2 protein chains.
Amino acid sequence: MTECGRSRLDRRRIAFIDAAHDLFIKQGYESTTLVDVVTYAGGSLATLYKLFGNKEGLLTAVLYENVRSCDIVVQQIGSRDAAPAAILLDLGHEFARRFLDPERVAFSRIVIAHSLKNQEFSTMFHQTTQVRTGDSLARLFARWRNQGVEFLGTPEGNADLFLGMFIADLYCEAINHGAITCNSHQAVAERVEFFLRGIGMKGANLTEKAPDADGPKPAVLEV
Amino acid sequence: MTECGRSRLDRRRIAFIDAAHDLFIKQGYESTTLVDVVTYAGGSLATLYKLFGNKEGLLTAVLYENVRSCDIVVQQIGSRDAAPAAILLDLGHEFARRFLDPERVAFSRIVIAHSLKNQEFSTMFHQTTQVRTGDSLARLFARWRNQGVEFLGTPEGNADLFLGMFIADLYCEAINHGAITCNSHQAVAERVEFFLRGIGMKGANLTEKAPDADGPKPAVLEV
DNA sequence: CCAGTAATGTAATGGCTATTACGCCTTCGC
DNA sequence: GCGAAGGCGTAATAGCCATTACATTACTGG
């Protein structure tokens, strides 16, 4: 072990996974041959098969090493001493950034393409990414409710609604990767305000004070 | 032409497309061989190649024949003489039904899997399904606004937000097709109420009648 | 019923790529 | 330095499937 406490095989393993990671993202799983991976990473086919068994094993390893849930982020941002509205705004920015990350989009595409052949695989992915994050978010809502923050709906339902706003973008991006305008006409702040009004939570207007509502104001009629 | 005004070749064409449609949905595009299609549909490989050129041509034909936008539905339901809230509720039910239709889910999966190889293809699909429907929905919101219905946000943004609630389910279903509980903790009616509150539209409570506004005119008009 | 055309069935072809086999070379512990 | 393990490189193997070719059969229109 000449370097950083890792065996030769271990270093090869990491090189393979990194190479496959890059190639899978750039050209997709099907279009990436194992020779591509070996050429990119160095090493040999024999070693690759010894390490991962077969191509699918390599994919599994790549996902296992790289797919992370956002639940940590939810817990960190959620534990800040700030108003729920402000926390949700930060979370919105974070989700928008992470869900549209090319890596995440590419992984989603790969998993979806494989979901017929390997169902437990895609279920694991969904569980690790979306469900885990949703649960964490639901716990946050539940905590707020316990603390006396008022809002409509269930914590789980609200978590899904909040996540859903950003997952729709991910879906869109998975189909036409950057080629075409996504459906995100709504900036993050507007979405969060929409969401806050939707669940009837105080602080709907993140910038100004909420006005008294004694009757509808004249609408702004520009067409 | 012995039957219903269609040539022999035309009938074969339809049989091929129907067979490919079924097989693509059941076992995916990659896993379906052209021999599978011929076996299922009858006919011969030679005829299939004469008709579609190659496998991708067959896929194109299948999608072209079967993919339909929801914009007609939006126009039909949207032109009913009913309150916006009621119309949105109906649209919500319709979207929930159509977006989770196995055919739609399967097509989405196929298109996403191919979006790296054939970008114009997936762009066309996205345009035909989502964008078209979104545009139609946006026009509906714009019309309501012209008629004096009050709501926040832009018609386009609201259309995306409304669609997004159901597209998130589609994405979820594309990953784990029915295996695992989707994220639709929220029933359609609850979602629509959430949405109505979110955009600040009257009729958030779908059971009671919308009150008269003292600013602009009462809202139900015919165009 | 007949000729000609159109469709069929079967059997190549060919390319691609996952997977395996094996002899050579490098590295590692001593 | 030395002698094994353990990787490396290259070259088969092998299966799968899109695509093509062709001889045979079925249909069509008169």
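The sequence lines fix the lettering, A, B, ..., with proteins before strands; numbering per chain opens at 1. Values in this document were obtained by computation on a predicted structure and should not be read as measured data.
Toward the 5′ end of DNA chain C lies the nearest nucleotide of A:Leu34, the other residue of the pair A:Ala46 and A:Leu34 mapping further downstream.
Residue contacts for B:Leu45: at a heavy-atom cut-off of 4.0 Å it reaches a base atom on one of the strands shown. As judged by a 4.0 angstrom heavy-atom cut-off over every strand, A:Ser31 is placed among residues making no nucleic acid contact. Nucleic acid contact class of B:Gly43 (heavy atoms, under 4.0 Å, all strands): sugar-phosphate only. Across all strands, A:Thr32 comes closer than 4.0 Å only to sugar-phosphate atoms, never to a base (heavy-atom distances).
Rounded to an integer number of Å, the gap from CG of B:Leu58 to P of D:dT19 is 11 Å. In this structure, B:Leu9 places its CG atom 16 Å from P of C:dT5, rounding to the nearest Å. Taking atom CD of A:Glu30 as the reference point, atom P of D:dC17 lies 12 Å away to the nearest angstrom. Here the C1' atom of nucleotide D:dA18 and the CG atom of B:Asp36 are 13 Å apart, to the nearest Å. Protein atom NZ of B:Lys55 is 15 Å distant from nucleotide atom P of D:dT20, rounded to whole Å. Atom pair A:Tyr49:OH and C:dT19:P shows a separation of 4 Å (rounding to whole Å applied). If you measure from atom OH of A:Tyr40 to atom C1' of D:dC8, you get 21 Å, rounded to the nearest angstrom. For the pair A:Leu48 CG and D:dG9 P, the computed distance is 13 Å after rounding to whole Å.
Between A:Arg11 and D:dG7, a side-chain N or O to OP1/OP2 separation shorter than 4.0 Å is absent. Taking side-chain N and O atoms only, A:Thr47 has a distance below 4.0 Å to OP1 or OP2 of D:dC8. Between A:Arg12 and D:dG6 there is no side-chain N or O to OP1 or OP2 distance below 4.0 Å. Remark: A:Lys50 is in phosphate contact with D:dG7, judged by side-chain N or O atoms under 4.0 Å from OP1 or OP2.
Of the candidate nucleotides D:dT20, C:dT27, C:dA18, C:dT27 has the atom nearest to the side chain of A:Arg8.
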Item checked: Trace of the salt bridge (charged side-chain N to carboxylate O under 4.0 Å, His left out) decision for B:Asp169 with B:Arg191 -> CA-CA 12 Å; B:Asp169 288 347; B:Arg191 290 186 185 192; 2.9 Å; yes

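Salt-bridge formation is not detected for the pair B:Asp36/B:Lys26: no Lys NZ or Arg NE/NH1/NH2 atom is positioned less than 4.0 Å from an Asp or Glu carboxylate oxygen.
Side-chain atoms of B:Thr32 do not come within 3.5 Å of backbone N or O of B:Gln27 as any donor-acceptor pair. A donor-acceptor distance shorter than 3.5 angstrom exists from the side chain of B:Thr129 to the backbone of B:Phe125, with no hydrogens or angles considered.
In this structure, the ring of B:Phe24 has its center no less than 6.0 angstrom from the ring center of B:Phe107.
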